[in-house]
Structures are given as C-alpha cells and as structure tokens.
Amino acid sequence: MKNRALVIAGLSVLIFFGAIWADHRGTVPVPLVPTAQGHCVLPTALMRREHMMLLRRVREQIVRDGKHDQADRLTTCIACHVQTTATGASIPINQHGQFCAACHTYVGVHIDCFACHATVPQKAIPIADLGQTHGEQAAYRIPRVILQHAPALIARGHS
Amino acid sequence: MATMQYREIPGRSIAYWTALFACALLSVAGVAVGLYMRAEGHHVTGMNNQIVWGIEHVFAVFLIIAASGALNVASIASVFGQTVYKPLSRLSGLLAIALLVGGLWDLVLDLGRPGHVLDAIIYGNFLSIFAWNMYLYAGFLVITGFYLWFMMERRLNHYSHAMGVTAFLWRLTLTTGTGSIFGFLVSRSAYDTALLAPMFIIMSFAFGLATFLLILIGGFRALGRPLGDLIRGRLKRLLTVFVAAVLYFVVVYNLTNLYMPGQRAFEGFLLLHGGVFTTLFWVGQILIGGVLPLVLLLGKKGGTSRTLVIASAAVLIGGLAQVYIFIIGAQAYPQQLFPGMIVHSSFYDGVVNSYTPGWPETTLAISGVGLVGLIVLLGVRIFPFLPESLADQVTQAHAQNATAPHTNAITSP
Amino acid sequence: MSDERTELGSDEAPDQGHDPSRRRLLALAGGAVAATLMPGVTLFARTLSIGSGKTPVRFGLLVDTTKCTQGCNACVSACQDYNGLSKDPGPDNAQWIRKVTITDPHTGFTRSFPVMCQHCAEATCVDVCPTGASFRRPDGIVLVDKHRCIGCRYCIMACPYKARSFVGRVIKDQKPWAPRGKGTAEGCTMCVERVANGKVPACVAACNDKGEKAMTFGNLHDPKSEIAKSLARFSTTTIRADLGLRPGVHYRGI
C-alpha cells in the first residue's frame, strides 16, 4: 500500500511538472516563414493544410504513372521558395529557418523528403544533348489536368 | 496422480536475474545498433553492394526456421497423438513464439528504413513471397498464441487439438515460405530449386528440436526438476532421425548440382576451393552438425543429458554454419551473367566476394538470440509453462491415462 | 488443482474419432496449400493478361557490342555526372551502369560493353519486392519508388544482372532530377526525367557524342522506330535470355 501511494504521488508530480514544461514550450513564437514571389498552385491556407496530400498525389503520378509534366511537384516548390545568400547561392530549403524547416520544426513534424531529394534547385544538365530526341514524346505525355481536386478541397470549407 | 502439474519458476536466484539482465541488455543493444545503422547507413557494417545480406540475416533465418521446428514437439502430441510429449507442448509453443520474434527482430532492425516497415502492409505486393511471409509470421504468432491459451485454459482444452492441427499446417506453410524466399530466386547458383522448401522444413525439425532440448535440459537442471529417461530417449530418437534427414537433403542437393555440368563450378567452390565456406561446409556443417551428433546419439550413452546437450549444441553450430554458407556463400560466389565466360568489370563481376561480419550487424544478430532468452525467461516465470516433474513414473502414468490429448490439468496455483 | 474429468475428451476415442479429424486435417491441408500457391496463381493470372496485347510504348536499348571499345567509358561517366553518383568504384558504391569485359576461355573471343538495369518485362525485382516499391511503369521502365522502399535488399538478391545497389551512406547534393538516399535500393532509371522531356538517356547521348555510337534508345513497340528496325534486321540477344525475363536491353554481337 505504501508503494502504491508513492507511485501515485510520483506520477502526479510528473504530470504536474510535465504540464508546466509543455506549457512553457508552447510559448515558442510562431516562425517567420520566408515568402516566395509569384503565385502558388493553391491559396496559402489550403497549402498549409493540404500540401502533403498534394505532394503524395503528384509523386504517385510522376514516379509510378510516368506523368512528369506536373506544375505542383516538389522541385517547383523548392525552385520558388528557396532563398539565396548575398552572393546569389541557394540556401538548402531544409536548413534552419528556411521554408520547409521553419514550419516543420515549429510543429514538430519530422520529414524525410530530403534524405533523397535535392534541397536546392539546379539547372545545368552536364550532358551534351545534341538535340537528340526519341520521338515518343507525343504518345507518351498525357494532357495535364490542373488540380482536379482543388474544387473539392475548397468545398470542404477552406476558402 | 496421472495429471501433469505445471508451475511457474520461482526466478529469485542470482543466476536467473543475471541471465535475464544479460538478455535484456543484448536486446537493448540490438535496438541501439539498429538506430546507429539507420542513422549512419549500412556502410558501417561489413556488408556492401556485393554481400547485401549479412550475419544478421543468417541469424534471422536460423531463428525463424528453428521457431517453426520448436513447435513440432507440441504438434507431435496434438496432431499425431503421441501423448508422452504432451507435457512439453507448452514450452514448445513458448519457444516457437520467442524464436520467431527474435528472428523478426533481427530482420526488421536491419532494414534500411525500419520506420517504413508498415508500407509492406499498406501497399503490399502479393506476388512477393517476402510479403507472404510477413502474413505467415504474423499468423504463426497469433495461432501459436491461441494454441497456448487453449492448452493452458482448462475450459478451452477441448479446442486445443484443432488449434494444434492448424498450427502444424501453418508452420509447414511458413517454412515452405521461408525456403521459397531463396528457392524462388533464379539469380544465384545456390538457389533456384524447389528442394529448398522441403529442405528448410527438415532443417527446422532438427534446429528447432535441438534448441528445445538445450532449453529443456538446461532449464530442468537449473530448476532441479527431474527429467526421466523416457522423455529423453524419445527426444533422442527424434533428433537422430532429423539430423540424418538433413544430411540426406544436403547430399541430394549437392549431388544434383554435381550432375549438372553448368553447376559444377559452383560445387567446386563450395566443396573444394571456397576458402572459409569450404571449411565451414566440411567442418561446421557436415562434421560438427551432422556426423558428430549422429555418432553421439547412436552411441551407448546416446540418451544421457550430457550427450543430448552436446549433440544439440553441435546441431545448432552445424546449422548456423549451414545457413551461413547458404546465405553468405551464395552471395560470395559470382553471379553468372555470362555462363562459361571469363568476366571482368569495375563492379566485381566474376569475382568471389569476401565478407567479414562487422560489429554492428554481429551485435544485432546476437541481440535476436538475447530477445529469445528474454521472452523465454520472462514467460516461464510469469506463466506455468514448465511441468514440475518429467520423471519416468510421472510421464508414463500421464501418457497411459491420457486417452485424448486435451485432458491435462492446468497448474495448481 | 488437478482436474480428473478425462471423460470430457472421451468423445474422441482414438479408434473411432479418426475419420472426422482426418477429414478436417485434409480440409485444412487444402487451405494451406491454396494459401501457399496464391502468389503463383496471381502470377499466372498476370501472365495471361499480359499476353493479350502490346502496350503502346516500351522503352528499350540496343547495344551494338561490335562498335563498343574496351577503353571507352563515356556512358559510365555520363551516368555518374547526370545522376550525381560517386566516381569511386568501391564495393559499397552504386554503379548503375558498368563496363563489362567478357572473354571466352576456349576461343579467346572478347567483347566489352555496358551492362545496366535490363528493364525486364518479367522483372524479378518487381515480383519479390514486399512493398511494391520496385515496379514497372506502363512505359516499360523498371524503377524503385523510394517512397515505399523499406531497404530490405531482396531485389538485389533477386536480380540476375547485378543491376541493383543499396545506398549505405547519407547522400547529400543530389541532383533534383535524380533523387536518391540512404537506406533505399536503386538502379538505372533509364534517365526518366530526360526521357519524359523527349531526350535520350545520358549514357546514349554520351555514346553518340564522345563514344562509338554503339547505343540506340527508343520505343520497342513502335515498328517504325530506329531501335525496332534494327532489332528486326540484326541478330541480337539479351543477357541470360534463358531465364525468360524478357529484358528491354538488347545486345548485338555477343
């Protein structure tokens, strides 16, 4: 019985101080997310909520279905949102305080996108292209339907 | 009386706590090493792009096939009506679960991205024998769990026979699946044969029983509980048959390869000039794992605890050597992209690859064994898995009285 | 407490109870066999469905080994540059494409040519992958969907061409068009991002530019394509054609 009382007392203390600690953590200021120029594929409020869904959808389309011609793919997100240093070099998007990291650190959601994906845009392709084409582009590419699901999202009360 | 008494072990001795602590420490070390490998990448291990499955896979496959074999003792009692084995059924079930969990532990912690393991359930590829095995493993744990429950709960004893039959068929399917992980592969000279499925089943019989014997004899000695000649004699005969059967399969497997001209180079590698693999084959697999146990078991002192322990340990060592050759040796031998040609490339084509187990994957491999120990040690302390006595008069009376396999009493508290 | 009610189970006397229990055993055995055969059955069903017609596009390669020279490494370098791979051929580094030299010990016949993922129609890596991360696209390119890859390396065990590698290190500075990272399997992608933009794979471009013009890329299922015409005209083979995987990469002169 003595033990049980001790355990209950210990747990109460833990919960009490845990709550205080958590509350203290809660006062972390909302991060300053770097803003990009131009227009996003969806309104900001929608993107905040649904960007993962969009990225998941687009990654299936590109990787698995071979429909590479997508505006809302990760590389275009990065190209638009990446910050540059004074010398004009791109700052990795997952670096502290940058577009992806700023929010994800704040909300405590771990992402492993950048274990594989490049964190800065890159244009140069170091292969001599010689204008060679394989002539299959027309048959291969499908007409892009822009964000078929956007109306459905807006209808869910995000607007 | 004719009923068998089961009792939890007291578990207060220093030896018990030491063993428990050691096993727990090993298990935790496995998690630590798994996280380390995940953070650093597998370049910290001895594995590379030539040897992609290492010592932890050897242990994992060994534990998984031993798991299904360990359940055999219970199956013999339930399915084949050999009531003399009935008192061993509970330990058999517990050991089967522990061994399987230990094997899966090694497999999952070794993954490149262990956090994504549920993708196999979310997406799943039903063409993959690997994916099928995941269902077979999960089913095995559930079925064996129910089987144990039905055996230990008197009101449910009636169903334990049906559950035992289900478990037996399931474990045959499971080991077929494990063998087919390799048997279905056309890519390597050592695999690509339907023989692997039955061979894995018979290997599981031997490895599982040897593990079971070690734990039974060791446990009963540590507890000071009596273990009679009757049980020992029966288990000895079983082990003899299983070891001989494994040898038979090994002979058929190698003879078949020797007879096929295209496979002779591989056999030459395995039997003559494969360096460590040849040594492991002749000394480890054949001599220690096959000949030595047979000589010991068929000798005059075959049924004594001492001989059984030595023979079982030899079977396990030989078994590990066999699985090591089977997994590492198969990868070390060059893949045959151009049969009959001399092949060179920057990517080690045509080269016999070498592998030295690194400390991370070795720790991980052993941690699976530690987890098995942990589960067994905790299991026998919390639940009445072990009979109080397996002295001859007890087992004999029990076997004679038990007309049906589900008449055992539960433990007295 | 010991329980003596042995009669509870006596309705199953050994000599009479055998028949129903054996029947039950047989039924269960049937179920178990069906469960084991399931992958085979799905495989068979897929085989049937494939036979019905050709897809409009199947990308493939033709390597003319009579043109390829032993000293040339242009295709390999181009692949490494374009996809951001390491140039150091250590045992744990990936090599999506490699130059292989074969010599017949009896005749002295020798050839040097590149080997990469063969983009098989019946790819073993696709069949064995537990998550479906290894998959074949409608255009015939075999890829690893790294989003699903758990890093089990079964595809590497299953590939007869040594075409798959495992990333065992933290990777930085990837190319945006070639994502790759620690803990996943990878292999030749046939430069999907280039192909999607109407260009030929990097190795083919480099071979045409700096090499011996030994590689042709194109749609195997379009009879008017250059590659299909060459395949119809010359005697070609695939590596380990005996395995029946129907690779998309063909070789001439071996």
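All figures in this text were calculated on a predicted structure; none of them were measured in a lab.
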Report summary line: Sorted by chain and residue number, the salt bridge (charged side-chain N to carboxylate O under 4.0 Å, His left out) partners of Arg111(C) (sequence neighbours excluded) come out as none
**Report entry** CZ-CD1 distance between Arg153(C) and Ile51(B), expressed to the nearest 0.5 angstrom
**Finding:** 12.0 Å
Query raised in the report: With no hydrogens and no angle check, is any side-chain donor or acceptor of Lys182(C) less than 3.5 Å from a backbone partner on Arg38(B)?
Result: yes
Report task. Measure the CZ-NE2 distance between Arg169(C) and His42(B) for me, rounded to the nearest 0.5 Å. Result -> 13.0 Å
Query - Aromatic centroids of Phe338(B) and Tyr251(C) separated by under 6.0 Å - result: no
Requested in this report: State, yes or no, whether a side-chain contact exists between Gln50(B) and Lys162(C) at a heavy-atom distance under 4.5 Å.
Outcome: yes
Query raised in the report: Below 4.5 Å, heavy atoms only, C-beta onward: do Arg148(C) and Ile122(B) meet side chain to side chain?
Result: no
**Report entry** Contact check, side chains of Leu185(B) and Tyr154(C), non-hydrogen atoms, under 4.5 Å
**Finding:** yes
Query raised in the report: Considering only heavy atoms, which portion of Ala39(B) lies under 4.5 Å from any heavy atom of chain C: side chain, backbone, both, or neither?
Result: backbone
**Report entry** Region of Cys152(C) that comes under 4.5 Å of a non-hydrogen atom in chain B
**Finding:** both
Report task. Could you look at Tyr135(B) and say if it's the side chain, the backbone, both or neither that has a heavy atom under 4.5 Å from chain C? Result -> neither
Report task. Answer with side chain, backbone, both or neither: which region of His147(C) has an atom nearer than 4.5 Å to a non-hydrogen atom of chain B? Result -> backbone
Query raised in the report: In Å and rounded to the nearest 0.5 Å, what is the OG1 to CE distance from Thr101(C) to Met341(B)?
Result: 12.0 Å
Query raised in the report: Do the side chain of Arg188(B) and the main chain of Met157(C) share a donor and acceptor less than 3.5 angstrom apart?
Result: yes
Query - Nearest heavy-atom neighbours spanning Ser346(B) and Gln95(C) - result: OG-OE1, 2.7 Å
Requested in this report: Could you tell me whether Arg98(C) sits above the aromatic face of Phe347(B), with NZ or CZ closer than 6.0 angstrom to the six-membered ring centre and within 45 degrees of the axis?
Outcome: no
Query - Backbone N/O of Cys129(C) and side chain of Asn125(B): donor-acceptor pair under 3.5 Å - result: yes
Report summary line: All heavy atoms of Leu337(B) vs all of Pro160(C), minimum pair found to be CD1-O, 3.2 Å
Query - chain B contact via Asp242(C) - side chain, backbone, both or neither, heavy atoms under 4.5 Å - result: neither
Query raised in the report: Taking Arg240(C) for the side chain and Ser187(B) for the main chain, is one N or O donor matched with an acceptor at less than 3.5 Å?
Result: no
Query - Residue part contacting chain C, namely of Thr45(B), when any heavy atom lies under 4.5 Å - result: neither
Report summary line: Answer key: most heavy-atom pairs under 4.5 Å with chain C among Met47(B), His116(B), Met37(B) is His116(B)
Report task. For chain B, find which of Thr131(C), Val100(C), Leu245(C), Asp92(C) contributes the most heavy-atom pairs closer than 4.5 angstrom. Result -> Thr131(C)
Query raised in the report: How many angstroms lie between atom CG of Leu243(C) and atom CG of Asp192(B), to the nearest 0.5 angstrom?
Result: 8.0 Å
Query - Among Val52(B), Val343(B), Asn133(B), residue most engaged with chain C (heavy-atom pairs, under 4.5 Å) - result: Val52(B)
Query raised in the report: Once you round to the nearest 0.5 Å, how far does CG of Asn48(B) lie from CG of Asn93(C)?
Result: 10.0 Å
Report summary line: In terms of heavy-atom contacts, Pro130(C) and Phe130(B) come closest through CG-CD2, 3.6 Å
Report task. Report the distance from atom CD1 of Ile156(C) to atom CD of Gln331(B), rounding to the nearest 0.5 Å. Result -> 9.5 Å
Query raised in the report: With respect to chain C, which residue among Leu172(B), Val44(B), Ile181(B) yields the maximal number of heavy-atom pairs within a distance under 4.5 Å?
Result: Ile181(B)
Report task. Please name the residue in the list Val108(B), Leu118(B), Leu111(B) that meets the side-chain contact (heavy atoms from CB on, under 4.5 Å) test with Ile150(C). Result -> Leu111(B)
Query raised in the report: Given a strict heavy-atom distance threshold of 4.5 Å, which part of Val115(C) is in contact with chain B: side chain, backbone, both, or neither?
Result: side chain
Report task. Go through the atoms of Thr124(C) and report whether side chain, backbone, both or neither lie under 4.5 Å from a heavy atom of chain B. Result -> side chain
Report task. Compare every heavy atom of Lys146(C) with every heavy atom of Arg113(B), then report the nearest pair and how far apart it is. Result -> NH2-O, 2.6 Å
